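Below is one structure; the comments refer to it alone.
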Amino acid sequence: MESNAFSALHNWLMELGNEGRAQKTVEAYDADVTDTLNWIASFRGVEPSDLHLTDITREDLVAAISDFRTRPDPRYSRHPDQAPKERSAARVSRRMAAIKVFLKWCYETGKIPSDPGALIKSPKRAKRLPKALEADTAMLVMTNNEDSRWPERDNLVIVLALTTGLRLQEIATLKLTDLIGSPPNAINVIGKGNKERRLPLPPVTQEALQAYLPTRAKRLSKTGMQARTVFISTRARRVGTDKQGEVIMTVEATNAGIAYIVDRILRLSGARRRGSRVHVLRHTFATLGLRPDPATGQPAYTLRQLQAALGHANLATIQVYTEVSDSELVEAAAAHPLARAK
């Protein structure tokens, strides 16, 4: 029976990697469980190397989660007055999920006689509707790239997000080799958990892509650099050194770069709201895709089709996008049989 907690954690993380889990998922699990184990070791007054799996109790876990929930968030170290009193239920739930999955694995592989985290319940998370843009606002955002240093690129970022529902990382990591057709009319997308899906590009997106690609080639030619990603930045950045000690530079897109483009255009369009960042475009694609067309009464996507387009594993996740507009509620209320009673 393996006794050291950190040794078991190392083996668990290796298994997750071997299973093909996304690297960021493994890194998040590592950070959450490592921090929790370190806190428990300190709480018990032992060195981390001396913390045994069988020493961890349910009470230790509850105390560790309570400390994490109320501990000052380091993200607000520069502006502590803006820090919330407690971490969100979603963030606490993520940490608890990592710990519970790890301890369940320890129990199922015979490393501990019982699972101390089995009966610990995660906090209830508030159900909030996605902050989707209305159709007319989305149209404005798609055409508002004035004052941009690279309007073709910035327009494609917005149009691609609003017409395909790609996540931020999926946009930033989209490669030229992921473009299908000549000229491209579809894309291969590697989503969460390294799951691949193929998405068709509507005419407006194909046009934006064709307008952008020549400008991309021209800029790369001027810099003498190469890039695998579809989107590139206007300035090169250092990413490391090679075996000879030479500095390696790149212009390939980053999450932060794509987020900046979207944030800027949302502000220019007057659509920038608290919580309305890159993901609002994905929410908008999904919400409008399920909204009935005034002419036909039918939505553009069924729930199953939208599930495939967004790359969600669970159909229940899509239910949150079945948002009803205020105007639809007004029409429905007026049409109700009892509303016409005298």
Side-chain angles (χ1 to χ4, degrees), residues 133 138-191 194-239 248-269 271 277-282 284-286 288-289 300 308-311:
L133 306 177
M139 288 289 188
L140 175 62
V141 172
M142 286 177 66
T143 57
N144 195 355
N145 54 14
E146 59 187 37
D147 300 329
S148 170
R149 289 186 295 175
W150 196 346
E152 296 86 359
R153 180 199 62 181
D154 297 355
N155 181 60
L156 178 59
V157 168
I158 299 296
V159 171
L160 186 64
L162 282 172
T163 60
T164 64
L166 294 186
R167 300 178 178 93
L168 168 61
Q169 186 173 359
E170 292 170 348
I171 297 174
T173 58
L174 186 67
K175 297 179 176 59
L176 286 180
T177 53
D178 295 326
L179 303 180
I180 303 171
S182 182
N185 56 21
I187 54 175
N188 274 329
V189 182
I190 306 299
N194 291 324
K195 294 179 180 177
E196 184 176 343
R197 64 189 191 278
R198 178 171 176 162
L199 298 177
L201 297 179
V204 64
T205 314
Q206 294 181 39
E207 292 172 7
L209 181 60
Q210 289 305 303
Y212 162 69
L213 288 177
T215 67
R216 176 187 182 277
K218 186 176 180 180
R219 286 183 180 252
L220 286 177
S221 178
K222 282 184 177 181
T223 61
M225 302 184 70
Q226 295 182 339
R228 297 168 298 173
T229 56
V230 170
F231 294 104
I232 60 176
S233 60
T234 55
R235 291 183 293 181
R237 69 184 188 282
R238 177 174 176 170
V239 292
I248 301 175
M249 305 290 289
T250 185
V251 290
E252 292 186 350
T254 64
N255 287 6
I258 298 297
Y260 176 80
I261 292 171
V262 173
D263 190 70
R264 177 180 169 279
I265 294 179
L266 286 176
R267 283 189 288 104
L268 286 173
S269 306
R277 295 185 180 273
V278 179
H279 220 60
V280 74
L281 304 184
R282 178 174 167 87
T284 300
F285 163 77
L288 296 182
L310 294 175

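What you are looking at is a predicted structure, and each value in this text was computed from that prediction instead of being measured.
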Under the rule for side-chain contact (heavy atoms from CB on, under 4.5 Å), what residues qualify as partners of Thr254, not counting sequence neighbours? Arg237, Ala256

Looking at Val280, is its backbone amide N or carbonyl O close enough to the side chain of Thr284 to form a donor-acceptor pair, meaning the two atoms are under 3.5 Å apart? yes

In chain order, what residues pass the side-chain hydrogen bond (donor to acceptor under 3.5 Å, both in side chains) check against Ser148, with sequence neighbours excluded? Asp154

Taking only residues two or more places apart in sequence, or in another chain, which ones meet Glu252 in a side-chain contact (heavy atoms from CB on, under 4.5 Å)? Ala227, Arg228, Thr229, Thr250

Rounded to the nearest 0.5 Å, how far does CD1 of Ile265 lie from CE of Met142? 11.0 Å

For Met225, I'd like to know if atom CE has over 12 heavy atoms of other residues, nucleotides or ligands within 6.0 Å. yes

Of all pairs that satisfy side-chain hydrogen bond (donor to acceptor under 3.5 Å, both in side chains), the ones with a partner from residues 177-187, not counting sequence neighbours: none

Pairs satisfying ring-ring contact (aromatic ring centres under 6.0 Å, His included), at least one member in residues 194-223, at least two apart: Trp150-Tyr212, Tyr212-Phe231

Side-chain heavy-atom pair Thr234, Arg149 within 4.5 angstrom cut-off: yes

Distance from Leu168 atom CG to Ile258 atom CD1, nearest 0.5 Å? 7.5 Å

In terms of heavy-atom contacts, Asn155 and Ala208 come closest through ND2-CB, 3.8 Å

Restricting to non-hydrogen atoms, name the atom on Val157 and the atom on Val262 that form the minimum distance, rounded to 0.1 Å. CG1-CG2, 3.8 Å

Residues in side-chain hydrogen bond (donor to acceptor under 3.5 Å, both in side chains) with Arg264, at least two apart? none

Going by side-chain hydrogen bond (donor to acceptor under 3.5 Å, both in side chains), name the pairs with one or both residues in residues 156-174, residues two or more places apart or in two chains. Thr163-Thr205, Arg167-Glu170, Glu170-Arg197

Listed once per pair and sorted, the salt bridge (charged side-chain N to carboxylate O under 4.0 Å, His left out) pairs that draw on residues 199-222, sequence neighbours left out: none

Apply side-chain contact (heavy atoms from CB on, under 4.5 Å) to Arg238 and list each qualifying residue two or more places apart in sequence or on a separate chain. Thr241, Val247, Met249

Are the side chains of Leu176 and Leu179 in touch, meaning some heavy atoms are under 4.5 Å apart? yes

Rounded distance (nearest 0.5 Å) linking atom CG of Leu201 with atom CD of Gln206: 6.0 Å

Can you tell me which residue among Leu281, Leu209, Val230, Leu166 is in a side-chain contact (heavy atoms from CB on, under 4.5 Å) with Leu160? Leu166

Looking at Ala172 and Ala253, what are the two nearest heavy atoms and their distance? O-CB, 3.7 Å

side-chain hydrogen bond (donor to acceptor under 3.5 Å, both in side chains) partners of Thr143, counting only residues at least two apart: none

Rounded to the nearest 0.5 Å, the CG atom of Leu288 sits from the CG atom of Leu133 at a distance of 8.0 Å

Is the shortest side-chain heavy-atom distance between Ile180 and Ile187 below 4.5 Å? no

Nearest heavy-atom approach of Leu140 to Ser269 is CD2-O, 3.6 Å

Can you list everything that forms a side-chain contact (heavy atoms from CB on, under 4.5 Å) with Gln210? Sequence neighbours excluded, please. Pro183, Pro184, Leu213

Side-chain contact, heavy-atom cut-off 4.5 Å: Ile261 with Arg153? yes

